[in-house]
Amino acid sequence: MSSKRQGHHIIVRVREKIKTVESLVKDGPIIIKSYLGDFWVSERAKEKLRERNIDTNEFLEWLNIGVKHLCETSYSGIYACMIPLPGESPDRDVIIILCEEICKTRKKRLPVVTAMERKVLKHLARGLTNKEIASNLKISAGTVNAYLDSIYRKLGASNRLQAACIAVKSGLVVPSV
């Protein structure tokens with residue numbers, strides 16, 4: 001194939017992809033995060049979050065954390081695929097596509113954690129130390145360590161950061177500031 005014809009095929013493919021993105025922006029459940037940290041949420045994405053009784057601001061806060069570290073993740077049954085848009089800076093605009101279908105095919109059984117382990121995980125996801133967790137939950141630091149050992153085993157995590165990421169990613173806890 002000549003380079004002129006090959007160039008034409010590339011242009012046609014790019015135009016088709018642009019039309020797909022335009023229709024997603026117009027009708028799809030998407031969120032766009034600017035490099036400045038601002039969010040735009042499509043009406044369909046708002047509907048999808050309302051259907052699941054998910055607070056939009058809480059979801060956006062969670063996404064703000066995840067955008068820097070993940071390409072795809074699941075939150076309370078909603079699958080979010082994050083695609084960085086072209087740009088020079090490492091902090092780029094990101095388009096986030098929400099769907100449920102992929103989540104159904106990838107659905108893993110969530111580990112069973114106790115109510116107290118979930119509380120410890122929530123504080124862990126906030127970045128608190130064992131001493132701070134103990135103080136907030138009115139238990140000893142040794143008890144926090146025992147809960148963390150159990151949590152690590154159940155989640156298959158080897159450290160607190162990994163446990164927090166698994167818990168947030170799987171929807172076991174919702175991070176809060």
Side-chain angles (χ1 to χ4, degrees), residues 29-41 45-46 48-84 89-100 102-177:
I30 67 156
I31 297 170
I32 298 174
K33 180 193 177 291
S34 79
Y35 71 96
L36 297 171
D38 299 320
F39 285 95
W40 175 83
V41 183
K46 289 176 188 174
K48 191 170 279 295
L49 294 173
R50 274 193 302 268
E51 288 168 8
R52 296 255 181 202
N53 294 319
I54 298 171
D55 179 79
T56 302
N57 291 328
E58 196 172 88
F59 186 76
L60 295 178
E61 181 181 316
W62 175 78
L63 277 177
N64 202 28
I65 295 167
V67 161
K68 294 180 180 177
H69 307 289
L70 304 168
C71 293
E72 57 186 59
T73 189
S74 178
Y75 180 96
S76 295
I78 291 184
Y79 177 78
C81 178
M82 301 177 212
I83 305 164
S89 165
D91 293 326
R92 296 182 284 177
D93 297 337
V94 176
I95 187 168
I96 301 143
I97 303 168
L98 307 181
C99 61
E100 296 173 71
I102 297 173
C103 191
K104 288 178 185 169
T105 61
R106 293 176 178 230
K107 195 171 191 174
K108 292 182 183 176
R109 189 175 164 163
L110 292 177
V112 178
V113 294
T114 67
M116 187 56 106
E117 288 170 339
R118 192 177 298 265
K119 288 177 185 176
V120 170
L121 273 169
K122 186 166 183 139
H123 289 298
L124 191 69
R126 289 180 50 212
L128 299 183
T129 65
N130 288 8
K131 190 175 180 179
E132 292 168 326
I133 294 170
S135 175
N136 282 331
L137 298 177
K138 300 188 181 3
I139 57 177
S140 73
T143 304
V144 172
N145 282 333
Y147 280 120
L148 287 175
D149 287 343
S150 176
I151 289 167
Y152 294 164
R153 186 178 33 76
K154 289 178 178 181
L155 298 182
S158 57
N159 60 50
R160 51 194 307 113
L161 179 60
Q162 190 177 27
C165 287
I166 291 168
V168 170
K169 186 175 177 182
S170 66
L172 282 172
V173 298
V174 177
S176 59
V177 179

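The model shown is predicted, which means the values in this text are computed figures rather than measured ones.
Arg160 and Leu128 make their closest contact through NH2-O, 2.7 Å (heavy atoms, listed as atom of the first residue, atom of the second, distance). Heavy-atom minimum distance, Ile31 versus Ala45: CG1-CB, 4.2 Å. Closest of all the heavy-atom pairs between Ala164 and Ala125 is CB-CA, 4.0 Å. Scanning both residues, Ala163 and Leu155, for their nearest heavy atoms gives O-CD1, 3.7 Å. Taking all atoms of both residues into account, the shortest heavy-atom contact from Ala141 to Ala134 is N-CB, 3.7 Å. Smallest separation of non-hydrogen atoms from Leu124 and Leu148: CD2-CD2, 4.0 Å.
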Exercise for the section: Check step by step if side chain to side chain contact (heavy atoms under 4.5 Å, CB included) holds for Leu121 and Tyr147. Expected result: CA-CA 9 Å; Leu121 273 169; Tyr147 280 120; over 6 Å; no
Handout entry: Residue pair Phe39, Thr56: steps toward the side chain to side chain contact (heavy atoms under 4.5 Å, CB included) verdict
Key = CA-CA 11 Å; Phe39 285 95; Thr56 302; over 6 Å; no
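We find the CH2-CD1 distance between Trp40 and Ile30 to be 5.0 Å, quoted to the nearest 0.5 Å. Taking CZ of Arg126 as the start and NZ of Lys122 as the end, the distance is 8.5 Å to the nearest 0.5 Å. The distance from the CG atom of Asn130 to the OG atom of Ser135 is 12.5 Å, given to the nearest 0.5 Å. Annotation: the span from Leu49 atom CG to Leu98 atom CG amounts to 6.0 Å, rounded to 0.5 Å. For the atom pair CZ of Arg118 and CD1 of Ile151, the computed distance is 10.5 Å after rounding to the nearest 0.5 Å.
The one candidate from Asn136, Leu137, Val113 that meets the side chain to side chain contact (heavy atoms under 4.5 Å, CB included) condition with Lys119 is Leu137.
Residues satisfying the side-chain contact (heavy atoms from CB on, under 4.5 Å) test with Asp38, not counting sequence neighbours, are Ser34, Leu36. Remark: Thr129 pairs with Lys131, Glu132 by the side-chain contact (heavy atoms from CB on, under 4.5 Å) rule, at least two apart or across chains. With sequence neighbours left out, the side-chain contact (heavy atoms from CB on, under 4.5 Å) criterion links Ser150 to Glu117, Arg153, Lys154.
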